[in-house]
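Here is the structure we will look at, set down as structure tokens.
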Amino acid sequence: MASSLSLATSVTSSGTGRLKNATSPGRGKNKGTLFLSIRTLRTFTPETSTCVSGTAGTGPYAVCQVPRWTWWTGFRTTTTGLLSRVVTDVINLGSYNYLGFAENTGPCAESAAEVTMKYGVGVASTRQEMGNLDRHEEMEKLVAKFLGVESAMAFGMGFATNSMNIPALTGKGCLILSDELNHASLVLGARLSGSIIRVFKHNNMQNLEKLLREAIVQGQPRTHRPWKKILILVEGIYSMEGSIVRLPEVIALKKRYRAYLYLDEAHSIGALGPRGRGVVDHFGLDPCDVDVMMGTFTKSFGAAGGYIAGRKELIEYLRLHSHSAVYATSMSPPVVEQIITSMKCIMAEDGTKIGLERVQQLAENTVYFRKRLREMGFIIYGNNDSPVVPVMLYMPAKIGAFGREMLKRNIGVVVVGFPATPIIESRARFCISAAHTKAMLNTALSVISEVGDLLQLKYSRHRIQPSLGRPSNDNVFEDIDD
């Protein structure tokens, strides 16, 4: 098995010239594609505008305020929006605040406030110049310890963590195998790298192995030379599907075919595993089996930015060659302090068990919420342990209606449609938090059931089998995988 050091070497240019030529609307067969996509998207704008444009008037708490907007933006107009009223006491089922650390009270907020008074809000320089603080170094050491790897480095933006680091790891003569449902940041990073990209079916290990075999046997196009490196891109939890990567099988394949593995744990870090250490902890695997561990601080830690972790040689290489590390401004000190405090809380280094209790509470809330939705007759996607819960709406006309009806009943949700999903696979995406109480979840479930009856969203045809301690109900159904 090649070391991570070789992953960080033999890198070519970023290939931005190819991206420019490929995406220029005036070249070749792609002429007009961009404008066609905008016109197609405009079809859904009037129906969805009132629910997708709501801006939280408070933080991403379990209960928040949502200004309700009434607006529409035409294709050739500059009409903006008009704030009509503020909906208060809204149960928030849309934010990624998995562990409830995005709060304005408590130890995290207090520590961030103290650091702000000491260091200020901004650093106004890069890490390689005048922007490297002792808090940055402490945070990176803590992240490495938390993940169980040799070293780690942090970046100020989660999206740029992927899009600016993948081009530093692969280039011309390299092959990237990407899951078809990977996040846009992974897709952009792969395109910027200049590598050949091949897509495998979502979580389909047979298809991934087929592509690996073909890559080994056939080599590069035309020349048939061996690939300089093969990089597999996957996510821990897929944010639109709620599915968990089949990591043990992916690791087995990457070892068998001597490939490298890049794991994006944006949604899984802190939200999965008995210790909140992500999908690696969830499956009880060795972190050293993952060549590049990526994650963000924007979800479970209630902060901002992202990280790359792995072997020390890999991190030292990225410090010199990553555009995001060389040119980006350092992370804000209060944001760094938020990460440190929340991570120490999860690791129980603050002298309490609050962090572990939140991890356990999130797991319990997730299982309960998913179970109740199935009992009501909704079709939901994803694994049982995933706090991302997509409820299928299917019909595009029901996207806006579901969001508006839920907000009328003081439940804030995220609805998703084309082009983020296939046009006939529209859905509502719920994000469960440890901050949600049982009463909040029951209230939300009651409203979801009411709106589901109103819009006829209970599509499941499979009846629940009566069990001891639960009365039989012929009107309750469950979705069962065949």
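Note that this is a predicted model, so its numbers are computed, not measured.
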Open item on the list: Let's go through Val391 and Phe430 carefully: what are the C-alpha distance in whole Å and the side-chain angles of both, what is the deciding distance for side-chain contact (heavy atoms from CB on, under 4.5 Å) to 0.1 Å, and is it a yes or a no?
Closed with: CA-CA 8 Å; Val391 173; Phe430 302 105; 3.4 Å; yes

Open item on the list: Whether the side chain of Trp227 engages the backbone of Ala215 through a donor-acceptor N/O pair (distance < 3.5 Å, no angle test) should be reported.
Closed with: yes

Open item on the list: Is any side-chain heavy atom of Arg370 closer than 4.5 Å to one of Ser386?
Closed with: yes

Task: Phe146 to Arg277 - nearest heavy-atom pair and separation - done: O-NH1, 3.0 Å

Task: Within 45° cone and under 6.0 Å: Arg358 NZ/CZ vs Phe101 ring - done: yes

- [ ] Rounded to the nearest 0.5 Å, what's the gap from CD on Glu364 to CD1 on Ile432? Could you check?
- [x] 13.5 Å

Open item on the list: Does Leu233 form a side-chain contact (heavy atoms from CB on, under 4.5 Å) with Ile166? I'd like the steps, not just the answer.
Closed with: CA-CA 10 Å; Leu233 299 182; Ile166 294 176; 4.1 Å; yes

- [ ] Give a yes or no answer on whether the side chain of Asn383 reaches the backbone of Ile244 with a donor-acceptor pair at less than 3.5 Å.
- [x] yes

Open item on the list: Keeping Ser195 on the side-chain end and Gly171 on the backbone end, is there a donor-acceptor pair under 3.5 Å?
Closed with: yes

Task: Lys145 vs Met347 side-chain heavy atoms within contact, under 4.5 Å - done: yes

- [ ] Would you mind checking if Arg429 and Glu241 are paired as a salt bridge, meaning a charged N to carboxylate O distance below 4.0 Å?
- [x] no

Task: Point-to-point distance, once rounded to the nearest 0.5 Å, from NZ of Lys299 to CD1 of Ile237 - done: 11.0 Å

Task: N/O donor-acceptor pair under 3.5 Å between Asn165 side chain and Thr161 backbone - done: yes

Open item on the list: I need the single residue from Ile176, Thr170, Leu169 that forms a side-chain contact (heavy atoms from CB on, under 4.5 Å) with Lys229. Which is it?
Closed with: Thr170

Open item on the list: Quick check for you: to the nearest 0.5 Å, what is the distance between Ser330 atom OG and Asn132 atom CG?
Closed with: 6.5 Å

Open item on the list: Pair Tyr368, Leu441 - check side-chain contact (heavy atoms from CB on, under 4.5 Å), show working.
Closed with: CA-CA 9 Å; Tyr368 175 74; Leu441 293 180; 4.2 Å; yes

Task: Atom of Met153, atom of Ala325 and distance for their closest heavy-atom approach - done: CE-CB, 3.6 Å

TODO: Without swapping roles, check the side chain of Asn97 against the backbone of Gly100 for a donor-acceptor pair under 3.5 Å.
DONE: yes

Task: Donor-acceptor pair, side chain of Ser342 and main chain of Ile339, under 3.5 angstrom - done: yes

Open item on the list: Could you check whether Ser95 and Asn92, counting side-chain N and O atoms only, form a donor-acceptor pair closer than 3.5 Å?
Closed with: yes

- [ ] Taking the side chain as every heavy atom from C-beta outward, state whether His183 and Met240 have any pair of such atoms under 4.5 Å apart.
- [x] no

Task: Approximate separation, where rounding is to 0.5 Å, of Ile411 CD1 and Met406 CE - done: 5.5 Å

Task: 4.5 Å side-chain heavy-atom contact, Val280 and Glu265 - done: yes

TODO: Take Asn162 and Tyr262 through the side-chain hydrogen bond (donor to acceptor under 3.5 Å, both in side chains) test and state the conclusion after the steps.
DONE: CA-CA 10 Å; Asn162 279 331; Tyr262 187 108; 2.6 Å; yes

Task: Minimum heavy-atom distance between Ala168 and Leu318, given as atom pair plus value - done: CB-CD2, 4.0 Å

Open item on the list: Asp179 vs Tyr238, test: side-chain hydrogen bond (donor to acceptor under 3.5 Å, both in side chains). Steps then yes/no.
Closed with: CA-CA 10 Å; Asp179 189 289; Tyr238 291 85; 3.3 Å; yes

Task: Working for side-chain hydrogen bond (donor to acceptor under 3.5 Å, both in side chains), residues Thr352 and Asp350 - done: CA-CA 6 Å; Thr352 69; Asp350 62 340; 2.8 Å; yes

Task: Note, Leu177 side chain near Leu212 side chain (heavy atom, < 4.5 Å) - done: yes

Task: Within residues 315-334 or reaching into it, pairs that qualify as salt bridge (Lys or Arg N to Asp or Glu O under 4.0 Å) - sequence neighbours excluded - done: Glu140-Arg319, Glu316-Arg319

Task: Test log, rule side-chain contact (heavy atoms from CB on, under 4.5 Å), inputs Val389 and Tyr381 - done: CA-CA 7 Å; Val389 187; Tyr381 278 4; over 6 Å; no

Open item on the list: Rounded at 0.5 Å granularity, tell me how far CD1 in Ile448 sits from OG1 in Thr443.
Closed with: 10.5 Å

Task: Beyond-backbone contact of His321 with Val326, side-chain heavy atoms, under 4.5 angstrom - done: no

- [ ] Let me see the working for Tyr98 and Asn365 under side-chain hydrogen bond (donor to acceptor under 3.5 Å, both in side chains), right down to the final yes or no.
- [x] CA-CA 10 Å; Tyr98 295 130; Asn365 287 352; over 6 Å; no

Open item on the list: I'd like to know if the side chain of Ser300 and the backbone of Ile269 have a donor-acceptor N/O pair within less than 3.5 Å.
Closed with: yes

Task: Side-chain ion pair, Lys254 and Asp291, N-O less than 4.0 Å - done: yes

Open item on the list: Under a 3.5 Å threshold, yes or no: a donor from one side chain and an acceptor from the other, between Ser243 and His202?
Closed with: yes

Open item on the list: Taking the side chain as everything from C-beta on, heavy atoms only, tell me whether Ile308 gets closer than 4.5 Å to Met293.
Closed with: no

TODO: Could you tell me the separation between the CD1 atom of Ile91 and the OG atom of Ser433, rounded to the nearest 0.5 Å?
DONE: 12.0 Å

Task: Charged N-O contact under 4.0 Å between Glu425 and Arg427 - done: yes

Task: Shortest non-hydrogen separation from Val123 to His136 and the atoms involved - done: CG2-CE1, 4.2 Å

- [ ] Specify whether Phe297 and Phe301 have parallel, tilted or perpendicular ring planes, treating 30° as the upper limit for parallel and 60° as the lower limit for perpendicular.
- [x] perpendicular

- [ ] Determine the minimum heavy-atom distance between Met205 and Leu253, stating which atoms define it.
- [x] O-CD1, 3.8 Å

Open item on the list: Looking at every non-hydrogen atom in both residues, tell me the closest pair between Gly403 and Val413 and how far apart they are.
Closed with: CA-CG2, 4.2 Å

Open item on the list: Contact between Val234 and Leu263 at the side-chain level, heavy atoms closer than 4.5 Å - yes or no?
Closed with: yes

Open item on the list: For Ser324 and Ser322, which I'm curious about, is there any donor-acceptor pair between the side chains at under 3.5 Å?
Closed with: no

Task: Tyr307 and Phe155 aromatic centres sub-6.0 Å - done: no

- [ ] Indicate whether the side chain of Glu114 and that of Ser111 have a donor and an acceptor atom separated by less than 3.5 Å.
- [x] no

Task: Residues which pass side chain to side chain contact (heavy atoms under 4.5 Å, CB included) with Lys141, listed by chain and number, not counting sequence neighbours - done: none

Open item on the list: Under 4.0 Å between a side-chain nitrogen and a carboxylate oxygen: does that hold for Asp281 and Arg275?
Closed with: yes

Open item on the list: Using modelled atom types and a 3.5 Å cut-off, is there a donor and acceptor pairing between side-chain atoms of Ser125 and backbone atoms of Met130?
Closed with: yes

